[in-house]
Amino acid sequence: MTLSINDKHKDFFDNVFDVVRLIPEGRVTSYGAIARYLGSAKSSRMVGWAMNASHRYPGIPAHRVVNRQGLLTGKANFAHPTEMEEKLKQESVVVVADQIINFKEIFWDPNEELKID
DNA sequence: GTCTTGACGTTTA
DNA sequence: CTAAACGCCAAGA
């Protein structure tokens, strides 16, 4: 097998990608929320690392994932530093100085929206 | 093999 | 209020 990125990880990373893909337009979530939903509440760092790898995959709105403060901490990791902010603005997300103003309003928590009942 | 760094978050001082 | 340490785990040097 000459696979490079697709066979190394496929548990945590793949789960992260799956959740991120489910984030509705105009909504955002946090690394910690995703980590918690996956059962690893303290592995929020890995979510961020997974997002870094997510650039190799299509259809993953990494711009909808921010930190707990609603701050666009990962904008520098995008192809263009302004890409994250611009994409959010296109979805009616109010961003000022890399900070989502209405973060609390548009926050999408997988633990609430995707809860298993 | 070890050590450092990191798209984070919580706790403690 | 701010600052620092810890936990967690993967990747790069």
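Within every chain, numbering begins at 1; the chains are lettered A, B, ... in the order of the sequence lines, protein sequences first and strands thereafter. Since this is a predicted model, take the numbers as computed values, not measurements. All heavy atoms count here, side chains included; hydrogens, waters and symmetry mates do not.
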Pairs: protein N or O with nucleotides 9-13 of chain B N or O, under 3.5 Å:
unit_1: dG9(B); atom_1: OP1; unit_2: R68(A); atom_2: N; d: 2.9
unit_1: dG9(B); atom_1: OP2; unit_2: R68(A); atom_2: N; d: 2.8

[X] side chain to [Y] backbone, donor-acceptor under 3.5 Å:
| X | Y | result |
| --- | --- | --- |
| N67(A) | L72(A) | no |
| T29(A) | D109(A) | no |
| R27(A) | I106(A) | yes |
| Q99(A) | Q69(A) | yes |

Inset, instruction - Select base, sugar-phosphate, or nothing to describe what H63(A) touches, counting heavy atoms under 4.0 Å on all strands. - result: nothing

Legend entry - Gap in Å between the two C1' atoms, one belonging to dT2(C) and one to dA7(B), rounded: 23 Å

Legend entry - Nearest-Å distance once atom P is located in both dT4(B) and dC6(C): 14 Å

Between [atom2] on [N] and [atom1] on [X], what's the gap in Å once rounded to a whole number?
| X | N | atom1 | atom2 | answer |
| --- | --- | --- | --- | --- |
| K75(A) | dG6(B) | NZ | P | 17 Å |
| F78(A) | dA7(B) | CZ | C1' | 8 Å |
| L71(A) | dA7(B) | CG | P | 12 Å |
| N77(A) | dA11(C) | CG | P | 15 Å |
| W49(A) | dC8(C) | CH2 | C1' | 14 Å |
| F17(A) | dA7(B) | CZ | P | 16 Å |
| M46(A) | dG6(B) | CE | P | 13 Å |
| I34(A) | dA7(B) | CD1 | C1' | 11 Å |

Legend entry - Pair E86(A)-H80(A), side-chain donor/acceptor within less than 3.5 Å: no

Inset, instruction - Examine F78(A) and L71(A) and state if one hydrophobic cluster contains both, with Ile, Leu, Val, Met, Phe, Trp and Tyr joined whenever side-chain heavy atoms are less than 4.5 Å apart. - result: no

Legend entry - Side chain of S43(A) - closest among dA7(B), dA10(C), dC9(C): dC9(C)

Legend entry - Nucleotide nearest T73(A) when distance is taken to its side chain, options dC9(C), dG7(C), dC8(B): dC8(B)

Legend entry - Salt bridge flag under 4.0 Å for residues K87(A) and E91(A): no

